[in-house]
Amino acid sequence: MEDDETRQPDVTGISQRTEDNSLGRLLTLSDGVFAIAMTLLALDLQVPSLKGHVTSQELVHALAQHTDSYWSFLLSFYIISVYWGGHRRLMRSVGVFNHTLVRDTVFLLLIVAALPFPTSVLGQYGGTGFAVALYGAFNALATLALILLRHDVRRCDPAARHAETPADQLAARTGWANLAVYLLCIPAGYLLGSNAPYVFLLLILTNQIPVLRRLAHRYGIGPGLRRPEPRPPAR
């Protein structure tokens with residue numbers, strides 16, 4: 001029988017397979033961390049403990065005592081989905097695998113995996129300035145990680161840089177707008193008190209920039225845009 005230890009494998013073939021498999025494993029790891037983080041957010045959604053014969057009014061009242069937890073869950077679920085979508089958009093253009101992508105992605109996953117912690121703090125102590133500032137700081141770091149990843153993808157892969165579309169450039173502007181919202185929440189936590197968490201609602205607006213831009217082009221709204229003239233009816 002042939003001794004496996006004395007075999008001389010095809011180094012070129014193994015290198016290519018390893019490189020391709022490395023990118024696939026990185027994407028699999030990323031999707032897994034995103035999915036687990038989104039799932040862990042639901043652990044703070046607890047059913048109220050009521051004794052005796054419970055009426056609907058009492059149950060509704062007890063559930064209303066935990067609205068901050070429900071709000072923080074929805075907010076973080078939405079934010080993580082935005083991170084996942086941004087990471088997917090960046091990685092789908094990658095043609096050359098390199099260790100820089102691993103570093104940037106792992107840094108992003110580190111923050112995403114820990115995001116249930118500031119979410120829980122925000123749900124329980126959302127009226128305090130530190131809870132809002134902590135949540136904003138966490139997400140500012142995650143957004144910076146996505147911005148860094150985009151920069152390194154374009155720097156290390158010329159093909160990805162040339163394949164960039166206007167939609168990709170608009171997504172980059174959205175990332176910077178989201179970063180501005182997170183940084184704004186840090187001082188807002190101390191200035192606005194219990195109303196500070198509502199500043200995060202600005203994310204709904206910033207993440208609709210592509211939709212707003214399409215509407216502007218469609219209806220001719222904005223600088224340098226004209227409303228399209230109606231086409232004459234076909235004869």
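Side chains included, hydrogens not; waters and symmetry mates left out as well; all remaining heavy atoms used. Source: prediction; values computed, not measured.
- Taking the ring pair (Phe, Tyr, Trp, His ring centres under 6.0 Å) definition, one finds that Phe138 meets it with nothing, sequence neighbours left out.
- Asn98 contributes a side-chain N or O that, together with a main-chain N or O of Leu101, makes up a donor-acceptor pair within less than 3.5 Å.
- Contact of the Thr174 side chain with the Val82 side chain is not registered, since no non-hydrogen atoms from C-beta on lie closer than 4.5 Å.
- Evaluation of the ring pair (Phe, Tyr, Trp, His ring centres under 6.0 Å) rule for Tyr83 yields no partner, not counting sequence neighbours.
- Residues Ala188 and Ala196 approach most closely at O-CB, 3.4 Å, considering heavy atoms.
- Following chains of ILVMFWY side-chain contacts shorter than 4.5 Å, one can reach Leu141 starting from Tyr182, so the two form part of one hydrophobic cluster.
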Side-chain donor-acceptor pairs of residues 31-39 under 3.5 Å, sequence neighbours excluded:
from  : atom 1 : to    : atom 2 : distance (Å)
Asp31 : OD1    : Trp84 : NE1    : 3.0
Thr39 : OG1    : Ala35 : O      : 2.8

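- Arg88 is linked by a salt bridge (Lys or Arg N to Asp or Glu O under 4.0 Å) to nothing, counting only residues two or more places apart in sequence or in another chain.
- As a member of the Ile/Leu/Val/Met/Phe/Trp/Tyr network built from side-chain separations under 4.5 Å, Trp176 groups with Leu144, Ile147, Leu179, Leu183, Ile186.
- Atom CG in Leu41 sits 10.0 Å away from atom CD1 in Ile79 (nearest 0.5 Å).
- When the side chains of ILVMFWY residues are joined at heavy-atom separations under 4.5 Å, either directly or via intervening members, Leu191 and Leu201 end up in two distinct hydrophobic clusters.
- Looking at Thr206, Thr143, Asn139 one by one, the single match for side-chain hydrogen bond (donor to acceptor under 3.5 Å, both in side chains) with Asn178 turns out to be Thr206.
- Atom OG1 of Thr100 is separated from atom CZ of Arg155 by 5.5 Å, given to the nearest 0.5 angstrom.
- When the ring pair (Phe, Tyr, Trp, His ring centres under 6.0 Å) test is applied to Tyr125, no partner is found at least two apart in sequence or on another chain.
- Annotation: side chain of Leu115 is not in contact with side chain of Leu40 (no heavy-atom distance under 4.5 Å).
- What you find for Ala133 and Tyr190 is that their closest heavy atoms are CB-CE1, 3.8 Å.
- Of all heavy-atom pairs between Leu108 and His87, the closest is CD2-CD2, 4.0 Å.
- From Asn207, atom CG reaches atom OG of Ser81 across 8.5 Å, with rounding to the nearest 0.5 Å.
- A continuous path of hydrophobic side-chain contacts links Val132 to Tyr198 [ILVMFWY only; heavy atoms under 4.5 Å].
- Residues Phe107 and Leu149 have side chains not in contact (no heavy-atom distance under 4.5 Å, counting atoms from C-beta outward).
- Two different hydrophobic clusters hold Phe73 and Leu43 under the rule that ILVMFWY side chains link at heavy-atom gaps under 4.5 Å.
- Gly136 and Phe200 get closest at one heavy-atom pair: N-CZ, 4.2 Å.
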Could you tabulate the donor-acceptor pairs under 3.5 Å formed by side-chain atoms of residues 44-56, not counting sequence neighbours?
from  : atom 1 : to     : atom 2 : distance (Å)
Asp44 : OD2    : Ser120 : OG     : 3.3
Thr55 : OG1    : Glu58  : N      : 3.2

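- Using a 4.5 Å heavy-atom cutoff, the side chains of Leu184 and Leu202 are in contact.
- The salt bridge (Lys or Arg N to Asp or Glu O under 4.0 Å) analysis of residues 91-103, with sequence neighbours excluded, yields the pairs Arg103-Asp152.
- Listed by chain and number, the residues in a salt bridge (Lys or Arg N to Asp or Glu O under 4.0 Å) with Asp104 amount to none (sequence neighbours excluded).
- Minimum heavy-atom separation, Pro197 to Leu122: CG-CD1, 4.5 Å.
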Go through the steps for Val121 and Phe130 under the test side-chain contact (heavy atoms from CB on, under 4.5 Å), then give the verdict.
-> CA-CA 9 Å; Val121 174; Phe130 180 76; 5.5 Å; no
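- Take His61 and apply the side chain to side chain donor-acceptor pair (under 3.5 Å) test, not counting sequence neighbours, and it matches Gln65.
- Every pair passing side chain to side chain donor-acceptor pair (under 3.5 Å) that includes a residue from residues 68-78 is listed here, sequence neighbours excluded: Ser76-Thr119, Ser76-Tyr135.
- Contact check for Leu134 versus Phe117: side-chain heavy atoms found under the 4.5 Å cut-off.
- For residues 190-200, the set of pairs meeting the salt bridge (Lys or Arg N to Asp or Glu O under 4.0 Å) definition, not counting sequence neighbours, is empty.
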